[in-house]
Amino acid sequence: MPEPILVSIAAALGAKSATSLYELVKRRFAGRKDAEAALDAAGGTPPDSPEVTALATQLAAEETADPAFGKELRRTWQQVSATSGGVVNQISGDVSGRVVQARDIKGDISF
């Protein structure tokens with residue numbers, strides 16, 4: 001199963017809600033029928049669809065093959081999601097203890 005962030009990116013690509021992100025991936029997949037087919041198949045499908053998961057898997061393979069592309073993909077995703085009112089939460093490395101990732105919290109948080 002691909003990382004959740006790649007599934008989110010794939011869902012946004014399927015909805016064509018982020019033009020710069022879509023164009024980046026479309027250029028990357030150009031001329032590769034399997035990758036282009038995954039991008040096309042995800043169009044208009046729900047975020048939890050098998051087509052979106054297949055696209056996320058393609059993106060994961062691209063990141064593995066070309067880490068520079070992976071960085072550009074994630075950087076573009078951060079820019080797109082931040083400018084459209086989204087929230088970007090990232091945790092990396094070994095984490096111990098409690099963590100909350102949220103956008104708007106009204107009231108207390110208890111663990």
Side-chain angles (χ1 to χ4, degrees):
M1 183 73 175
E3 287 181 70
I5 190 168
L6 293 177
V7 175
S8 296
I9 292 170
L13 290 168
K16 296 184 182 174
S17 62
T19 305
S20 60
L21 187 67
Y22 185 81
E23 291 301 319
L24 170 69
V25 173
K26 187 174 176 144
R27 280 192 311 272
R28 178 66 184 203
F29 287 178
R32 296 186 29 232
K33 293 187 185 231
D34 58 336
E36 288 178 326
L39 181 59
D40 291 341
T45 62
D48 60 349
S49 70
E51 294 84 2
V52 168
T53 301
L55 178 55
T57 301
Q58 283 283 343
L59 293 172
E62 289 298 313
E63 280 192 324
T64 300
D66 184 355
F69 169 75
K71 287 180 183 177
E72 185 177 2
L73 178 70
R74 289 172 186 254
R75 184 174 44 251
T76 303
W77 171 248
Q78 285 180 336
Q79 291 169 347
V80 166
S81 62
T83 59
S84 63
V87 174
V88 178
N89 292 313
Q90 293 181 339
I91 298 175
S92 61
D94 295 328
V95 178
S96 61
R98 297 177 176 149
V99 176
V100 173
Q101 292 187 322
R103 179 179 168 162
D104 300 321
I105 298 174
K106 298 189 180 6
D108 297 332
I109 298 175
S110 300
F111 290 98

Participant: Output the distance between atom CG (Leu24) and atom OG1 (Thr19), rounded to the nearest 0.5 Å.
Facilitator: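 These two atoms lie 12.5 Å from each other.
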
Participant: Measure across Val7 and Pro47 and return the closest heavy-atom pair with its distance rounded to 0.1 Å.
Facilitator: CG1-O, 4.1 Å

Participant: How far apart are the closest heavy atoms of Gly70 and Glu63, and which atoms are they?
Facilitator: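 In this case the closest contact between Gly70 and Glu63 is CA-CG, 3.5 Å.
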
Participant: Taking all non-hydrogen atoms of both residues into account, name the closest pair between Ala10 and Ala56 and its distance.
Facilitator: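 Result for this residue pair: CB-N, 3.7 Å.
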
Participant: I'd like to know whether Glu62 forms a side-chain contact (heavy atoms from CB on, under 4.5 Å) with Val25, so could you lay out the CA-CA distance, the side-chain angles of the two residues, the decisive distance to 0.1 Å, and finally the verdict.
Facilitator: CA-CA 10 Å; Glu62 289 298 313; Val25 173; over 6 Å; no

Participant: Pick one: which of Leu39, Leu6, Asp40 meets side chain to side chain contact (heavy atoms under 4.5 Å, CB included) with Leu55?
Facilitator: Leu39

Participant: Grab the two heavy atoms, one from Tyr22 and one from Leu13, that are nearest each other, plus how far apart they are.
Facilitator: CA-CD2, 3.4 Å

Participant: To the nearest 0.5 Å, what is the distance between CG (Leu73) and CD (Gln78)?
Facilitator: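 With rounding to 0.5 Å, CG (Leu73) is 10.5 Å from CD (Gln78).
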
Participant: Between CD of Gln58 and CZ of Arg32, what distance do you get to the nearest 0.5 Å?
Facilitator: 6.0 Å

Participant: Taking only residues two or more places apart in sequence, or in another chain, which ones meet Glu36 in a salt bridge (charged side-chain N to carboxylate O under 4.0 Å, His left out)?
Facilitator: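 In terms of salt bridge (charged side-chain N to carboxylate O under 4.0 Å, His left out), with neighbours along the sequence ignored, Glu36 is linked to no residue.
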
Participant: I'd like to check the salt bridge (charged side-chain N to carboxylate O under 4.0 Å, His left out) partners of Asp66; sequence neighbours left out, ordered by chain and number.
Facilitator: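 So Asp66 forms a salt bridge (charged side-chain N to carboxylate O under 4.0 Å, His left out) with Arg28.
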
Participant: Heavy atoms only: give me the nearest Trp77-Ala12 pair and the separation to one decimal.
Facilitator: CZ3-CB, 3.5 Å

Participant: Would you indicate whether the side-chain heavy atoms of Pro46 and Val52 approach each other to under 4.5 Å?
Facilitator: no

